[in-house]
Amino acid sequence: MPVEEATISVMDRGFLFGDGVYEVIPVFGNKLLRLDQHLSRLQNSLDRISLSNPCSNEEWAEMFLHLLSKNDGEDRAVYLQISRGIYPKRDLGTKAEYPATVFAMILQVVPPDIETVSAGISVITIDDFRWGACDIKSTSLVANVMLKQQAAAAGVEDAILIKNSMVSEGTASNVFIIKDDVLITPPTGHKLLPGITRDLVIEIAKNNTILVEEREVKETELYNADEIWMTSSTREIAPVIRLNGDSVGSGSAGPVWKRIVDLYQQYKQQLRSM
Ligand code: PDD
């Protein structure tokens with residue numbers, strides 16, 4: 001149905017508590033990017049909040065293809081949200097008897113054009129005050145909203161979040177640094193979302209003999225990095241050119257970024273023509 005006609009109950013736990021999880025799956029030429037990986041991250045999010053998966057992977061795939069067929073466009077994204085459903089009373093306690101609420105829509109993501117992306121973004125570092133379960137792709141995003149507000153108030157596009165002097169991630173993306181041609185990114189765990197773009201970038205790098213290290217990254221390493229990138233399904237691979245007001249590396253998108261972004265575009269093109 002048209003999105004403006006879709007409604008949910010005010011008693012939905014997604015609305016009352018942010019008690020739900022979600023996924024954003026990019027689509028290129030009507031092909032879902034890394035669907036299996038997105039569905040396995042979805043399963044992990046559901047397991048972590050003890051909510052059973054209302055559909056099989058085949059059913060999800062069928063639903064997404066149906067949704068895509070009902071909407072125009074080539075490059076876009078599927079948004080999927082599952083909440084713990086509608087209970088008669090507002091109560092934190094959970095019961096398995098009420099069905100989950102499933103909502104999916106198409107996001108008309110405008111693919112960032114390469115000239116705009118290569119201009120780079122400015123970011124600040126902010127203390128990561130979020131909870132210890134950032135690997136769950138939860139719809140409870142108020143902390144991320146506050147962090148994004150802080151970045152906007154500082155006049156920059158985004159923030160790199162720092163927990164105990166270590167880099168965790170962005171407000172809605174993962175972080176990479178490049179030092180002496182080695183790609184370095186914090187390891188997955190409870191401190192960050194295991195980004196599908198992150199994994200794809202690591203895979204592309206390794207397949208092209210670029211060295212990759214998944215290890216803790218100190219905040220101080222940011223200030224000595226040759227390049228910094230932020231990655232996500234919607235942002236793809238964004239080069240950071242200013243950090244806390246100072247230039248990163250040469251102050252423009254770096255050579256390793258150019259290499260990886262070309263390979264990433266080739267990967268997308270292959271998917272479109274499959
Ligand atoms: N956000 N970290 C956080 C906190 C995120 O919200 C996201 C993605 C990522 C990157 O994950 P991926 O590469 O799978 O998109 C990392 C999505 C795009 C969003 O909330 O819209």
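In this structure, Arg84 and Ile49 approach most closely via the heavy-atom pair NH2-O, 2.9 Å. The nearest pair of heavy atoms linking Tyr22 to Ser138 is CE2-O, 3.3 Å. Heavy atoms only, all atoms of each residue included: Leu271 and Lys31 are closest at O-CG, 3.2 Å.
With hydrogens and angles disregarded, a donor-acceptor distance shorter than 3.5 Å links the side chain of Arg13 to the backbone of Asp91. Checking side-chain atoms of Ser247 against main-chain N and O of Ser250 turns up no donor-acceptor pair under 3.5 Å. A distance-only check finds no donor-acceptor pair linking the side chain of Ser173 to the backbone of Glu169 [under 3.5 Å]. In this structure, the side chain of Glu221 engages the main chain of Lys218 through a donor-acceptor pair within 3.5 Å. Without hydrogens or angle criteria, Ser233 side chain to Pro26 main chain gives no donor-acceptor distance under 3.5 Å. Looking only at distances, no side-chain donor or acceptor of Gln265 sits under 3.5 Å from a matching main-chain atom of Asp262. The closest donor-acceptor contact from the side chain of Lys191 to the backbone of Val167 lies at 3.5 Å or more, if one exists at all. With hydrogens and angles ignored, the 3.5 Å screen pairs a side-chain donor or acceptor of Trp257 with a backbone N or O of Ile237. Using modelled atom types, one side-chain atom of Ser45 and one backbone atom of Arg41 make a donor-acceptor pair closer than 3.5 Å. Of the possible donor and acceptor atoms, none in the side chain of Asn174 sits under 3.5 Å from a partner among the backbone N and O of Gly170.
Separation of atoms CG (Leu192) and CZ (Arg130) is listed at 8.0 Å; rounding is to 0.5 Å. Here CZ of Phe17 is found 12.0 Å from OG1 of Thr139. Values are rounded to the nearest 0.5 Å. Taking CG of Leu32 as the start and CG of Leu65 as the end, the distance is 6.0 Å to the nearest 0.5 Å. The CE atom of Met146 sits 13.0 Å away from the CG atom of Leu141 when rounded to the nearest 0.5 Å. Within the model, atoms CE of Met63 and CG of Leu80 stand 7.5 Å from one another, a figure rounded to the nearest 0.5 Å. In this structure, the separation between NZ on Lys148 and OG1 on Thr171 is 4.5 Å, given to the nearest 0.5 Å.
Atom CG of Asp72 sits in a sparse spot, with 12 or fewer heavy atoms from other residues, nucleotides or ligands closer than 6.0 Å. Annotation for Glu62: atom CD does not count as buried by contact number, only 12 or fewer foreign heavy atoms lying within 6.0 Å. The neighbour count for Phe15 CZ, taken as heavy atoms of other residues, nucleotides or ligands under 6.0 Å away, does not exceed 12. With a 6.0 Å radius and a threshold of 12 heavy atoms from other residues, nucleotides or ligands, Asn207 has its CG atom above the threshold. Taking a 6.0 Å sphere around CG of Asp181, one finds it holds 12 or fewer heavy atoms contributed by other residues, nucleotides or ligands. No more than 12 heavy atoms of other residues, nucleotides or ligands lie within 6.0 Å of CZ in Arg90, so this atom counts as exposed by the packing criterion.
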Start with the C-alpha gap between Asp199 and Gln37, add the side-chain angles, then the distance that decides, and say whether side-chain contact (heavy atoms from CB on, under 4.5 Å) holds. CA-CA 10 Å; Asp199 288 351; Gln37 287 87 338; 5.9 Å; no
Salt bridge (charged side-chain N to carboxylate O under 4.0 Å, His left out) between Glu219 and Lys163, intermediate numbers included: CA-CA 9 Å; Glu219 177 180 6; Lys163 199 159 220 159; over 6 Å; no
Could you go step by step and tell me if Glu97 and Lys95 meet the salt bridge (charged side-chain N to carboxylate O under 4.0 Å, His left out) rule? CA-CA 6 Å; Glu97 68 211 63; Lys95 297 184 182 71; over 6 Å; no
Verify salt bridge (charged side-chain N to carboxylate O under 4.0 Å, His left out) between Arg235 and Glu157, making sure each step is shown before the conclusion. CA-CA 12 Å; Arg235 177 165 258 165; Glu157 279 96 339; over 6 Å; no
Kindly determine whether Val78 and Met105 satisfy side-chain contact (heavy atoms from CB on, under 4.5 Å), including the steps that lead there. CA-CA 6 Å; Val78 170; Met105 65 175 166; over 6 Å; no
Stepwise side-chain contact (heavy atoms from CB on, under 4.5 Å) check, Leu33 with Val27: CA-CA 6 Å; Leu33 179 98; Val27 177; over 6 Å; no
What do the steps show when you test Ile160 against Ile126 for side-chain contact (heavy atoms from CB on, under 4.5 Å), and what is the final call? CA-CA 6 Å; Ile160 294 181; Ile126 307 183; over 6 Å; no
Dump the intermediate steps for salt bridge (charged side-chain N to carboxylate O under 4.0 Å, His left out) on Arg272 and Asp75, then the final yes or no. CA-CA 9 Å; Arg272 286 191 191 99; Asp75 290 357; 2.7 Å; yes
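For the residue pair Glu227 / Trp229, a side-chain donor-acceptor distance below 3.5 Å is found, with atom types taken as modelled. A side-chain N or O of Asn30 and one of Arg76 form a donor-acceptor pair less than 3.5 Å apart. Side-chain polar atoms of Asn244 and Thr125 form a donor-acceptor pair below 3.5 angstrom. Judged by distance alone, the side chains of Ser9 and Asp12 never bring a donor and an acceptor atom under 3.5 Å apart. No side-chain donor-acceptor contact under 3.5 Å links Asp19 and Ser83. Side-chain contact, Gln81 with Tyr79: a donor N or O sits under 3.5 Å from an acceptor N or O.
Leu51 has its side chain out of reach of Val21: every pair of non-hydrogen atoms, C-beta onward, lies at least 4.5 Å apart. His190 has its side chain within reach of Arg48: a pair of non-hydrogen atoms, C-beta onward, lies under 4.5 Å apart. Put simply, the side chain of Glu213 does not reach to within 4.5 Å of the side chain of Lys179, judged on heavy atoms. Taking the side chain as every heavy atom from C-beta outward, Asp135 and Pro194 approach each other to under 4.5 Å. With a 4.5 Å cut-off on side-chain heavy atoms, Ile178 and Ile184 do not count as touching. Considering only heavy atoms from C-beta on, Val248 stays 4.5 Å or farther from Ile241 through its side chain. Between Leu222 and Leu243, some side-chain heavy-atom pair lies under the 4.5 Å cut-off. Counting heavy atoms from C-beta on, the side chains of Pro2 and Glu5 come closer than 4.5 Å.
Residues Ile82 and Leu67 fall within the same hydrophobic cluster, defined by Ile, Leu, Val, Met, Phe, Trp and Tyr side chains chained together at heavy-atom separations under 4.5 Å. Hydrophobic clustering (side-chain heavy atoms under 4.5 Å, transitive across Ile, Leu, Val, Met, Phe, Trp, Tyr) keeps Leu183 apart from Val217. Linking ILVMFWY residues whenever their side-chain heavy atoms come closer than 4.5 Å, directly or via other members, places Val123 and Tyr223 in the same cluster.
For the side chain to side chain contact (heavy atoms under 4.5 Å, CB included) criterion with Val175, the lone passing option out of Thr231, Ile228, Thr185 is Ile228.
Looking at residues two or more places apart in sequence or on another chain, you find no side chain to side chain donor-acceptor pair (under 3.5 Å) involving Asn144. Partners of Gln43 according to the side chain to side chain donor-acceptor pair (under 3.5 Å) rule, which considers only residues two or more places apart in sequence or in another chain, are Asp47, Asn53.
Its side chain within the 4.5 Å cluster rule, Tyr87 clusters with Tyr98 among the Ile, Leu, Val, Met, Phe, Trp and Tyr residues.
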